[in-house]
Amino acid sequence: VQLQASGGGLVQAGGSLRLSCAASGRTVSRSGMGWFRQAPGKEREFVSAISWSGGSTYYADSVKGRFTISRDNAKNTVYLQMNSLKPEDTAVYHCAAAKTPYYGGIYAYARDPVRYDYWGQGTQVTVSS
């Protein structure tokens, strides 16, 4: 499966962006999906994840209340709505497809990169102060 993230850009602090992750090659409607980000000089970090049905969502503490993950299985696409953006949100954002449909309600599973077997190239998000 190929994952293509889009929607990144340059935005002022307090602004919003909506990222999309479109899958091709095969359906991801039965896969959990996640967003990760990596800032220059920093390790990759978990941002958010969603189960195959959309019934369960997970967020890093740093984005909780500001970001919302959603999915449209008919379009084979996952979204990340990012509001109240901060300069520390600046990073390349990657989407990933999990090996399983859900995470069993366990946050540690959702945030573990080992549980994902397909990764997109990423889209740059830059938040200016």
Can you tell me how far apart [atom1] ([X]) and [atom2] ([Y]) are? Round to the nearest 0.5 Å.
{"X": "Ile106", "Y": "Arg115", "atom1": "CD1", "atom2": "CZ", "value": "7.5 Å"}
{"X": "Gln12", "Y": "Ser129", "atom1": "CD", "atom2": "OG", "value": "9.5 Å"}
{"X": "Ile50", "Y": "Ser31", "atom1": "CD1", "atom2": "OG", "value": "12.5 Å"}
{"X": "Phe67", "Y": "Ser84", "atom1": "CZ", "atom2": "OG", "value": "9.0 Å"}
{"X": "Leu85", "Y": "Arg66", "atom1": "CG", "atom2": "CZ", "value": "6.5 Å"}
{"X": "Leu80", "Y": "Met33", "atom1": "CG", "atom2": "CE", "value": "11.5 Å"}

Considering all heavy atoms, the nearest [X]-[Y] contact:
{"X": "Thr77", "Y": "Ser20", "result": "CG2-CB, 4.3 Å"}
{"X": "Ala13", "Y": "Pro87", "result": "CB-CD, 4.1 Å"}
{"X": "Val1", "Y": "Ala23", "result": "CG2-CB, 4.1 Å"}
{"X": "Val127", "Y": "Thr90", "result": "N-OG1, 2.9 Å"}
{"X": "Phe36", "Y": "Ala110", "result": "CZ-O, 4.2 Å"}
{"X": "Arg71", "Y": "Val28", "result": "NH2-O, 2.7 Å"}

Quick one: do Gln81 and Arg18 satisfy side-chain contact (heavy atoms from CB on, under 4.5 Å)? Show the steps, please.
CA-CA 4 Å; Gln81 177 67 44; Arg18 188 194 196 203; 3.5 Å; yes
Considering only heavy atoms from C-beta outward, does the side chain of [X] approach that of [Y] to under 4.5 Å?
{"X": "Trp35", "Y": "Cys21", "result": "yes"}
{"X": "Ile69", "Y": "Tyr59", "result": "yes"}
{"X": "Ser53", "Y": "Tyr102", "result": "no"}
{"X": "Met82", "Y": "Val47", "result": "no"}

Among the clusters formed by ILVMFWY side chains lying less than 4.5 Å apart, do [X] and [Y] turn up in the same one?
{"X": "Tyr93", "Y": "Trp119", "answer": "no"}
{"X": "Tyr118", "Y": "Val78", "answer": "yes"}
{"X": "Tyr79", "Y": "Val125", "answer": "no"}

With a 3.5 Å distance limit and no angle check, can you tell me whether [X] reaches the backbone of [Y] through a side-chain donor-acceptor pair?
{"X": "Tyr58", "Y": "Gly105", "answer": "yes"}
{"X": "Ser56", "Y": "Ser51", "answer": "no"}
{"X": "Lys99", "Y": "Val114", "answer": "yes"}
{"X": "Asn76", "Y": "Arg26", "answer": "yes"}
{"X": "Asp112", "Y": "Tyr109", "answer": "no"}

Would you say the side-chain atoms of Thr126 and Gln124 include a donor-acceptor pair closer than 3.5 Å?
yes
Look at the rings of Tyr103 and Tyr116 and say which category their plane angle falls in: under 30° parallel, 30 to 60° tilted, over 60° perpendicular.
tilted
Lys64 with Asp61: basic N within carboxylate O range, under 4.0 Å
yes
Yes or no on side-chain contact (heavy atoms from CB on, under 4.5 Å) for Arg44 and His94, after CA distance, side-chain angles and deciding distance?
CA-CA 9 Å; Arg44 178 177 54 190; His94 299 267; 5.5 Å; no
